[in-house]
K.L.:
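Once you've had a glance at the structure underneath, I'll fire off some questions.
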Amino acid sequence: MAAFPLSSPSAGHVFRPTDEELVDFYLRNKINGNEDAVNGIPEVDLCKEEPWDVAAMSLIKANDDGWVFFCPIDRKYRTRATAEGYWKATGRDRLIEAVRGKRVIGVKKTLVFYTGHAPKGLRTNWVIYEYRATSEELDVTKPGQRSFVLYKLFKKYKKKIHRMQDDTFSISDHERTSGTTPAGVVSYKEESMGLNEMGEVVTKRQKLSLEDIESLTGRETDEVSNSSEEEPMEEMWSEETPSDPRPTISHHFSILHVLDLSYTEIKSLPQSISRLVALQKLYLRNCERLMQLPPEIGELTNLEVLDLEGTEILCLPKEIAKLVKLMCLKVSFYGYAIQTVIRRKVLPNLSRLNELIIDVTPYREWWDVKVEAIIDDLRSLKELRALKLYLPTAKLLEELKLIVPSLAIFRFTVGRCEEHFICRLPRDIEEEFNNKEKLEKGLMYVNGDRIPNEITKVFNHVNAFFLQCHWTANSLSEFGHENLNEVKFCLVMECNEFRTIIDSEQFYQGNDCRAKSEYFQDFDEAIVLGSLERLIVRYMKNMESIWKGPLGKGSMSSLKSLALHTCPNLTTLFTIDMLSNLINLEELIVEDCPKIDSLVSLKNSGSKSGLFLPSLKKISLLELPGLVSISSGLFIAQSSKSFLPWISPVQI
């Protein structure tokens, strides 16, 4: 990719690189230390400069009122705080793909600057797009590399939004607009609402210029649905009166059953929400600016579903205890909450509660004490069947032992979770693990330094297991083979002490946790991971093999998908015995495992003939520079329909 000298662009040239160019050329060269290629983009510490000062430091200016600069990454950077305020992420991250190869090379995040201190900062018009490189070759582990992100800074002017008092969409600030629209701007239209035949609310989204939608909502414009052309039956918001200048909810909506305000920019609910006396379902999912609920929420005594996932609620009002018909409660508490998030005895009053989801993001120590009180209250919820909870320590699982057997669905995250600057887990895999329809009971264990009994006991109820950053375990076998037989989905990631996934020499363990060799002859009858259907292994620095030792008949025989990513010391993928067991394997993905020279190892194996991997339909082999043979002369993958190699010549 070529680029003109940034410090002195020629007349007529406009600096407007694509997202791919910003990451794959400019950010790549900066990380690799090629300063000559990026000498026109200054280096600015985001935590030391205010946005209005940074703009003057830029040597080049994009044609859409934007300034571009690099920012070094250090521990202080993660707070993104300055002397005058702080930067706050909004919306969701967007993946940046390379046109050639269709691979993800970076992530784009939107941040808005607030003056003051969280959580009561004042939102400004300063916005940045943060570009981060995610390619493995830019992980700053190579000589000469340094950690940087690239920013595009710009200021959004309120005048770009027609007849809008500020850049928020809260209900309390709701207003109508009329008149003509300035050229080049789509008129802002009130988010009007109406009822359908089922008594459900029909919403109309705000109309903004495409640029404003992207900057204010933090979402790409193609993610914002078009407003309906149908006129609402009647307006939800009544006219303001001299005695009360604030818009209120019209009394005509007292028959409303369902209200969905998800993914809107509301920051508060009006007190007149109490008029919705027939309301049964209230959805406020991903309303990222919503931080509190009014006490009047307790007047919605017919409410059965309250969805607050993805909000930044500081605490639930004590009036929630009045919602005695509530069957589903989903809530997200933000990381700077300091008060009691759920008051004692509120949950016991919700005796009909069937589903409870509590997200805590980012994780902080403030949650440790609060979760103990919540668990204590959970014991009185006899109808609870679905629970999602973050547990800072494994000991808290013991407190849940009387609840777990009665749960049909649960997701527990155990361990001290840290907020990573770059998440190395693809969104689709995370969503797969959290798919409660396919995987009802899931356990995530993160940053562990031992294997507590509380963890192994709950394995009898788990069919999805996610192990991340365990500091001492050498294999999954240390969790007990007998505890793994119900697991259908297993994800192991960033466990640098792992040498193998299963070490069958630990099948019968003595007090020293080592195998007793006299029992090896019995292992042929043992089935380990017999229910496992999907195994994903990512970023395992020292792992050398998938299986070590004798392989019992039927072990891993249900496996349908195997994916291995970035295992630099992996040398052995399949043995002959493993191939004989993998009769249901349909998908094989091996990526960035440079020491693999053949998919099948024939060492210490007798000669066997016949068809192996008869169900295999898809093989993806990416970035395997040492691979010279796939099957080592064996007959495999008769039904294979898709073969994606990205390697040097190999022998089938």
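For this chain, numbers begin at 1 and follow the sequence in order.
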K.L.:
Return the set of residues passing ring-ring contact (aromatic ring centres under 6.0 Å, His included) with Phe412 (not counting sequence neighbours), or none when no residue passes.
P.N.:
Phe410

K.L.:
Evaluate Thr110 against Arg94 for side chain to side chain donor-acceptor pair (under 3.5 Å), listing each step before the verdict.
P.N.:
CA-CA 9 Å; Thr110 303; Arg94 284 161 278 180; 2.5 Å; yes

K.L.:
Please tell me whether Tyr263 and Asn286 have a donor and an acceptor in their side chains that are separated by less than 3.5 angstrom.
P.N.:
yes

K.L.:
Taking the six-membered ring of Phe70 as reference, does the cationic atom of Arg146 (NZ for Lys, CZ for Arg) lie under 6.0 Å from its centre and within 45° of its axis?
P.N.:
no

K.L.:
Aromatic rings Trp367 and Phe333: how do their planes relate, parallel, tilted or perpendicular, breaks at 30° and 60°?
P.N.:
tilted

K.L.:
Heavy-atom distance under 4.5 Å between the side chains of Glu544 and Thr572, does that happen here?
P.N.:
no

K.L.:
Please report the closest heavy-atom contact between Thr566 and Glu136, naming both atoms and the distance.
P.N.:
CG2-OE2, 3.6 Å

K.L.:
Applying ring-ring contact (aromatic ring centres under 6.0 Å, His included), name anything that partners Phe466, two or more places apart in sequence or on another chain.
P.N.:
Phe433

K.L.:
Test the Lys108-Tyr129 pair against the cation-pi criterion, namely NZ or CZ under 6.0 angstrom from the six-membered ring centroid and within 45° of the ring axis.
P.N.:
yes

K.L.:
Measuring from Leu624:CG to Cys593:SG, what's the distance to the nearest 0.5 Å?
P.N.:
6.5 Å

K.L.:
Centroid separation under 6.0 Å, is that true for the rings of Tyr131 and Tyr26?
P.N.:
no

K.L.:
Just by distance, with hydrogens left out, do Asn569 and Lys595 show a side-chain donor and acceptor under 3.5 Å apart?
P.N.:
yes

K.L.:
Would you mind reporting whether Glu130 and Leu111 have side-chain heavy atoms less than 4.5 Å apart?
P.N.:
yes

K.L.:
Any carboxylate oxygen within less than 4.0 angstrom of a Lys/Arg side-chain nitrogen, looking at Glu486 and Lys441?
P.N.:
no

K.L.:
Got a salt bridge between Asp93 and Arg132, using NZ or NE/NH1/NH2 to carboxylate O under 4.0 Å?
P.N.:
yes

K.L.:
Is the distance from the ring center of Tyr445 to that of His470 below 6.0 Å?
P.N.:
yes

K.L.:
Please determine if Glu586 and Lys560 form a salt bridge, counting it only when a charged side-chain N lies under 4.0 Å from a carboxylate O.
P.N.:
no

K.L.:
Measure the shortest side-chain to side-chain distance between Leu443 and Val414 over non-hydrogen atoms and say whether it is less than 4.5 angstrom.
P.N.:
yes

K.L.:
One pair to check against salt bridge (Lys or Arg N to Asp or Glu O under 4.0 Å): Glu137 and Lys142. What are the steps and the verdict?
P.N.:
CA-CA 8 Å; Glu137 63 269 22; Lys142 300 174 180 61; over 6 Å; no

K.L.:
Apply salt bridge (Lys or Arg N to Asp or Glu O under 4.0 Å) to Glu312 and Lys88, showing your working.
P.N.:
CA-CA 12 Å; Glu312 297 192 358; Lys88 178 181 174 183; 2.7 Å; yes

K.L.:
Could you grab the distance from atom CG of Leu585 to atom NZ of Lys618, nearest 0.5 Å is fine?
P.N.:
12.5 Å

K.L.:
Nearest 0.5 angstrom please: Leu564 CG to Arg538 CZ, how far?
P.N.:
10.5 Å

K.L.:
Is the backbone N or O of Pro550 less than 3.5 Å from a side-chain atom of Ser504, with the two atoms forming a donor-acceptor pair by type?
P.N.:
yes

K.L.:
Rounded to the nearest 0.5 Å, how far apart are CG of Leu627 and CG of Leu573?
P.N.:
10.0 Å

K.L.:
Nearest 0.5 Å, what's the NZ-CG distance between Lys401 and Leu397?
P.N.:
12.0 Å

K.L.:
Could you pull out all residues at least two apart from Glu497 that satisfy salt bridge (charged side-chain N to carboxylate O under 4.0 Å, His left out)?
P.N.:
none

K.L.:
Just how far is it from atom OG of Ser555 to atom CG of Leu532, taken to the nearest 0.5 Å?
P.N.:
11.0 Å

K.L.:
Just by modelled atom types, is the Asp503 backbone N or O under 3.5 Å from a matching donor or acceptor in the Thr500 side chain?
P.N.:
no

K.L.:
Do the charged groups of Glu355 and Lys388 touch, with an N to O distance under 4.0 Å?
P.N.:
no

